Amino acid sequence: MNMGNKTAVLVFTLVGFSVPPHVQGALFVAFLLVYFITLFGNLLIAALITVSPNLHTPMYFFLFHVSCLDIGSSSVTVPRLLLGLVAHQKCISFSECIAQVFGFIFLGTTEVFILCAMCYDRYVAICLPLNYAVIMSPRFCVLLLAISGVAGFTYSFVFTMQLSQLPFCGEIVIDHFVCEIPALLKVACADTSPNETVIFALTGTVAPLTLVVIVMSYAHIVRVILKMPSADGRSKAFSTCSAHLVVVLLFYASGAGTYLKPSHSSLGYEKLVSLFYTVFVPMLNPMIYSLRNEEVKKAAQKVMHQVGNTLRCAM
């Protein structure tokens with residue numbers, strides 16, 4: 001395979017959803033609504049954390065950035081999905097496709113590490129409360145955030161650089177609604193087993209390591225919570241931890257379903273899993289944190305009360 005074939009294909013075709021036109025219209029409205037809810041919910045969480053002094057703690061420092069990452073990851077994929085539902089030409093340039101892969105993996109991997117940092121924060125808060133202020137200092141929180149970003153960038157850079165070197169021949173049709181590494185590997189005109197090995201090696205290393213940290217931390221957290229004499233204390237501790245744990249489980253389950261799935265899995269399965277973690281998980285995260293977290297609900301009520309008082313004074 002000569003080098004000219006690697007640059008011969010500059011445009012791909014994203015098939016998207018093979019459904020009748022009237023169904024595509026309904027899907028467009030539904031996904032657009034989900035996208036607006038995602039933006040509104042995550043912006044609301046970020047705004048609440050910004051304006052509420054009682055939420056200026058390490059946990060909400062990380063949650064603020066998770067909300068920003070959810071906005072970014074949703075914006076990387078959903079607008080292209082919406083365009084594919086209404087446009088007759090379902091083309092995407094090679095450079096845009098690679099950029100989409102890089103952006104989504106960078107944002108998603110960074111979020112994995114931030115979720116892990118949030119888990120460590122909960123471990124210190126519940127298991128080592130007397131040392132919490134010293135351990136989870138602002139400088140240490142910024143360091144954890146920087147490590148998460150660097151890890152996400154490195155992880156994404158390796159994947160996309162390797163992907164960009166693959167040759168693609170002829171008219172490339174991707175039977176998917178988003179540029180995703182497994183879908184692109186299927187249409188490359190070369191042996192992709194080295195790429196698949198790298199995916200399994202990196203994903204099979206990062207995911208278990210971070211998951212081990214999370215599981216061990218929560219094992220200690222649950223042990224300490226169960227020993228608390230106060231029922232109110234146990235309830236409050238469980239409420240703050242359960243929201244984070246649900247988000248972690250959603251994130252890991254959907255990611256594993258995509259990058260650790262069998263190579264012979266059906267296209268319908270791939271699209272369903274991708275749809276879940278690209279469209280719905282970023283929407284669910286702010287709902288989970290707002291519904292399961294008393295501090296967020298109290299902050300929201302306080303802000304609404306202040307806004308109401310301001311409006312009444314203005315009248």
Side-chain angles (χ1 to χ4, degrees), residues 38-39 41-43 45-50 55-79 95-125 135-164 178-181 198-199 201-214 217 243-244 247-252 254-256 258-259 277-278 281-286 289:
T38 300
L39 294 182
N42 284 289
L43 284 172
I45 292 290
L48 279 175
I49 293 171
T50 301
L55 298 183
H56 292 175
T57 63
M59 176 182 174
Y60 296 104
F61 169 79
F62 293 124
L63 180 56
F64 173 87
H65 289 90
V66 167
S67 294
C68 294
L69 291 170
D70 282 337
I71 292 172
S73 60
S74 182
S75 298
V76 164
T77 55
V78 178
S95 58
E96 185 183 352
C97 200
I98 293 297
Q100 189 179 63
V101 171
F102 178 85
F104 190 75
I105 295 180
F106 166 65
L107 295 167
T109 306
T110 302
E111 185 165 341
V112 167
F113 282 95
I114 291 180
L115 289 174
C116 195
M118 291 177 70
C119 178
Y120 180 71
D121 169 78
R122 290 299 83 201
Y123 162 75
V124 176
I135 296 175
M136 299 304 297
S137 65
R139 183 176 180 180
F140 184 62
C141 291
V142 172
L143 177 62
L144 290 177
L145 181 66
I147 291 172
S148 300
V150 170
F153 177 85
T154 304
Y155 195 74
S156 183
F157 181 78
V158 170
F159 275 173
T160 50
M161 281 299 294
Q162 190 184 46
L163 187 64
S164 66
V178 65
C179 284
E180 197 172 61
I181 289 180
V198 170
I199 290 174
L202 289 179
T203 308
T205 301
V206 172
L209 284 177
T210 53
L211 195 58
V212 164
V213 172
I214 291 170
S217 297
H244 175 254
V247 170
V248 168
L249 291 175
L250 283 174
F251 205 87
Y252 273 83
S254 58
T258 297
Y259 292 99
Y277 80 78
T278 58
V281 169
M283 178 190 70
L284 292 174
N285 286 352
Y289 278 113

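Values in this document were obtained by computation on a predicted structure and should not be read as measured data.
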In Å, rounded to the nearest 0.5 Å, how long is the span from [atom1] of [X] to [atom2] of [Y]?
X	Y	atom1	atom2	value
Met118	Met59	CE	CE	5.0 Å
Phe62	Cys116	CZ	SG	10.5 Å
Leu115	Leu69	CG	CG	9.0 Å
Ile114	Thr109	CD1	OG1	11.0 Å

Ignoring hydrogens and angles, write down the donor-acceptor pairs under 3.5 Å from the side chains of residues 136-150, residues two or more places apart or on other chains.
{"residue": "Ser137", "atom": "OG", "partner": "Phe140", "partner atom": "N", "Å": "3.3"}
{"residue": "Ser148", "atom": "OG", "partner": "Leu144", "partner atom": "O", "Å": "2.8"}

Test of understanding: with side-chain hydrogen bond (donor to acceptor under 3.5 Å, both in side chains), list the residues that count as partners of [X], not counting sequence neighbours.
X	answer
Asn42	none
Thr50	none
Tyr120	none

Using only atom types and a distance under 3.5 Å, with no angle test, would you say the side chain of [X] pairs donor to acceptor with the backbone of [Y]?
X	Y	result
Ser164	Met161	yes
Ser67	Ala46	no
Ser74	Ile71	no

Next on the checklist: Students often mix this up, so state it plainly: with edges at 30° and 60°, are the rings of Phe159 and Tyr155 parallel, tilted or perpendicular?
Outcome noted: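 Tilted.
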Among all residues two or more places apart in sequence or in another chain, which pass the side-chain contact (heavy atoms from CB on, under 4.5 Å) test with [X]?
X	result
Ser217	Cys119, Tyr123, Val213
Thr77	Phe104, Val178, Thr278
Ala151	Phe113
Val112	Thr210, Phe251, Tyr252

Checklist entry - If you take all heavy atoms of Leu39 and Ser75, which pair is closest and at what distance? => result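 Smallest interatomic distance, heavy atoms only, reads CD2-OG, 4.1 Å.
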Checklist entry - Yes or no on side-chain contact (heavy atoms from CB on, under 4.5 Å) for Glu111 and Asp70, after CA distance, side-chain angles and deciding distance? => result CA-CA 8 Å; Glu111 185 165 341; Asp70 282 337; 2.9 Å; yes
Item to check | Partners meeting ring-ring contact (aromatic ring centres under 6.0 Å, His included) with Phe64 (sequence neighbours left out) | outcome: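 For Phe64 there are no ring-ring contact (aromatic ring centres under 6.0 Å, His included) partners, ignoring immediate neighbours.
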Checklist entry - Does the ring center of His65 lie less than 6.0 Å from the ring center of Phe61? => result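 Yes - the distance between ring centres of His65 and Phe61 falls below the 6.0 Å cut-off.
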Checklist entry - side-chain contact (heavy atoms from CB on, under 4.5 Å) with Leu63: which of Asp121, Ile45, Leu48? => result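 Of the listed residues Asp121, Ile45, Leu48, the side-chain contact (heavy atoms from CB on, under 4.5 Å) partner of Leu63 is Ile45.
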Item to check | Sequence-distant partners of Cys179, disulfide bond (SG atoms under 2.5 Å apart), two or more places apart | outcome: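 Disulfide bond (SG atoms under 2.5 Å apart) check on Cys179 returns Cys97.
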